Amino acid sequence: MSGENIRRRKEKCENCTKQCNKKQSDEGISSLPEKDVANGEVPASSHLLKQQVLLSACLSCEGCVSEEESLKISQQNLEEVARVLGLNKKCDVSKHQVLVVSVCPQSLPFFAVKYGLDIPEATRKLCGFLKSLGVQYVFDTTLAAGFSILESQRDFIQRYSRRHHDSQALPMFTSSCPGWIRYAERVLGSLVTPHICTARSPQQIMGCLVKDYFTKQQKLSPDKLYHIMVAPCFDKKLEAVREEFYNSLLECRDVDCVLTSGEVFHMMEQMKVSLADLDSVPLDHVLGEAGDPALVRHQGRGSEGFLEHIFKYAASELFSLDVEEITYKTLRNRDFQEVCLERDGEVLLQFASVYGFRNIQTLVHRMRKGHVPYQLVEVLSCPGGCVSGRGQAQAQGETGGRVDKALVQQMEEAYSSLPVRLPDTNPGLHILYQDWLEGQDSTHANTLLHTQYTQQSPGQTRTHTQYTQQSPGQTRTHTQPPHIQW
């Protein structure tokens, strides 16, 4: 980019910053949600902290969160959960809802480090806390991630088979990161969107699993179930309100509310929860099985390991090669790595993992020039992967996105301590493919496990009242959750 273009974009972004800061100053306090919540009120002293609009944020997103999106996202907070819990304590049973919480595996190391426990015991304590509030069921999303991985594997094989007559088949980009997806749709457009894997993210598959399968097992109307997701990333709030994830037949969203790990921990601090007083309660099974489900993870440094799973599967399916260990070659940095499958000196497969916006920019630059040799790229907007999501890894008291590196290292070590389980070996997935989805290739499976990503034009009305962009499409709140009487 020329110096003149950089100057113009800098002026544009600085003007945007001034306008957004003025809007926050004028409207920030008045835009807070209603204060009446369960068993108490938010004190009048609660207020929005001064928000930041970063130059890098404007360069990445080319626009802000629309007013409609901001309104939907603003309803995903502790106040809304308190409202639902409060209604459940009142006599009007017509307004009662069953609360279900699904916890991402990448959130569990955060609570383990904060509690000073191993992940299994920290998970039981977290489950005990949530159930003490009035939550009826607590699941982890490993099962849903297994679906996402298996469907991504199948999508890659299909794309590979048509690579010679379909120029948009490869490279395939992973689709589990909502920050990356938003950036691709809003900024990169048709250059990238046809290449994005159609498999839904683990969060949204979990939403379908809970609202469609689990409600039927419990003989519940989906609108009588309130589904909360605990995730390491603010972007997941934006993903939950996407139009395609509203089920018009069931008349509800797959995920009603996303709370970050940090928000849940803040809630516990507000309530002055004593770890010793919390019961150790096992997670629940979506399939209704008894016993404490074993906590496992999928392959990958700090995420679900889509690259590793697809790489090994493709090696076996396409070339009849059994790959036990994958050797990464670091290119620009730890967050830009590649892996190759070779036979007799011939490169059969070449995949890359690209984490963080700077590396994404490098990838896109190469793609525009036609210099991308990869058949698959695992893309995540957070450097370090999902464990480093800013909903749990941001340094305490920081609002500019700075990561607590010591905390991240501890979380990565804790996460790596979990045993690895291949989704192919999970009997629960095979049961659900038959009992819930009517087979792996059924219309039902395709509808609930897949979606499409296309170029989108940002809305005409912009607002930064509560949320600003911090990385490619990353929806970030810089407010401390208000004090709530639980």
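These figures come from a predicted structure and were not determined experimentally.
Proximity of a side-chain donor or acceptor of E263 to a complementary backbone N or O of T260 within less than 3.5 Å is detected. No side-chain donor-acceptor contact under 3.5 Å links T330 to the backbone of N333. The closest donor-acceptor contact from the side chain of D335 to the backbone of P383 lies at 3.5 Å or more, if one exists at all.
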Check the pair Y160 / Q375 against side chain to side chain donor-acceptor pair (under 3.5 Å), numbers first and verdict last.
-> CA-CA 8 Å; Y160 189 88; Q375 292 90 23; over 6 Å; no
Could you go through the side chain to side chain donor-acceptor pair (under 3.5 Å) check for Y183 and Q361 one step at a time?
-> CA-CA 11 Å; Y183 178 59; Q361 289 284 59; 2.7 Å; yes
Derivation and outcome, salt bridge (Lys or Arg N to Asp or Glu O under 4.0 Å), residues R297 and D140 | CA-CA 11 Å; R297 66 180 176 90; D140 84 305; over 6 Å; no
List the steps, then state whether side chain to side chain donor-acceptor pair (under 3.5 Å) holds for S201 with E239.
-> CA-CA 9 Å; S201 72; E239 180 180 36; 2.7 Å; yes
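Across L220 and V98, no two heavy atoms sit closer than the pair CD1-CG2, 3.8 Å. Residues S148 and A199 approach most closely at O-CB, 3.9 Å, considering heavy atoms. Of all heavy-atom pairs between A445 and S442, the closest is N-OG, 3.0 Å. Scanning both residues, P178 and D235, for their nearest heavy atoms gives CG-CB, 3.4 Å. Residues L191 and M367 share a closest heavy-atom pair of O-CE, 3.3 Å. Minimum interatomic distance between L143 and L429 (heavy atoms only, all atoms of both residues): O-CD2, 3.4 Å.
Checked for salt-bridge contact, R253 and E243 miss the test: no charged N lies under 4.0 Å from a carboxylate O. For K211 and D256, the salt-bridge test passes: some basic side-chain N is under 4.0 Å from an acidic carboxylate O. For the pair E346 and R343, the salt-bridge criterion is not met [side-chain N within less than 4.0 Å of a carboxylate O]. Between E121 and R124, at least one side-chain nitrogen of the basic residue sits less than 4.0 Å from a carboxylate oxygen of the acidic one, meeting the salt-bridge criterion. Comment: E412 engages R334 in a salt bridge, judged by a side-chain N to carboxylate O separation of less than 4.0 angstrom.
Under the salt bridge (Lys or Arg N to Asp or Glu O under 4.0 Å) criterion, E244 pairs with R242, not counting sequence neighbours. With sequence neighbours excluded, the residues satisfying ring-ring contact (aromatic ring centres under 6.0 Å, His included) with Y433 are F147. Every residue meeting the ring-ring contact (aromatic ring centres under 6.0 Å, His included) condition with F139, not counting sequence neighbours, appears here in chain and number order: F214. Not a single ring-ring contact (aromatic ring centres under 6.0 Å, His included) links F306 to another residue, sequence neighbours left out. With sequence neighbours left out, R358 forms a salt bridge (Lys or Arg N to Asp or Glu O under 4.0 Å) with no residue at all. Scanning for salt bridge (Lys or Arg N to Asp or Glu O under 4.0 Å) contacts around K216 gives D212, with sequence neighbours left out. Under the rule for a salt bridge (Lys or Arg N to Asp or Glu O under 4.0 Å), K312 has no partner lying at least two apart in sequence or in another chain. Remark: H298 engages H309 in a ring-ring contact (aromatic ring centres under 6.0 Å, His included) (not counting sequence neighbours).
For residues 422-431, the set of pairs meeting the side-chain hydrogen bond (donor to acceptor under 3.5 Å, both in side chains) definition, not counting sequence neighbours, is empty. Judged as a ring-ring contact (aromatic ring centres under 6.0 Å, His included), the pairs with a partner in residues 329-352 (not counting sequence neighbours) are, in order, F156-F351, F311-F351.
Under a cutoff of 6.0 Å and an axis angle of 45°, K125 and Y115 do not form a cation-pi pair.
Between T447 and T443, the closest side-chain pair of non-hydrogen atoms falls below 4.5 Å. For the pair I228 and L99, the minimum side-chain heavy-atom distance is below 4.5 Å. No side-chain heavy atom of L331 sits less than 4.5 Å from a side-chain heavy atom of Q337. Here the side chains of Q392 and C233 are not in contact, with every heavy-atom distance at 4.5 Å or above.
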With a cut-off of 3.5 Å and sequence neighbours excluded, list every side-chain donor-acceptor pair involving residues 166-173.
residue, atom, partner, partner atom, Å
D166, OD1, Q168, N, 2.9
D166, OD2, R162, NE, 2.9

What pairs of donor and acceptor atoms, side-chain ones from residues 315-327 against any protein atom, are under 3.5 angstrom apart with sequence neighbours left out?
none

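The closest side-chain donor-acceptor pair between Q106 and Y415 falls under 3.5 angstrom. There is a side-chain donor-acceptor pair under 3.5 Å between Y328 and E308. Side-chain contact, S261 with S107: a donor N or O sits under 3.5 Å from an acceptor N or O. No side-chain N or O of Q218 forms a donor-acceptor pair with one of Y213 less than 3.5 Å apart. For the residue pair T198 / Q452, no side-chain donor-acceptor distance below 3.5 Å is found, with atom types taken as modelled.
Note: Q153 CD to L376 CG = 11.0 Å, rounded to the nearest 0.5 Å.
L295 pairs in a side-chain contact (heavy atoms from CB on, under 4.5 Å) with only one of the listed residues (L108, D118, T142), which is L108.
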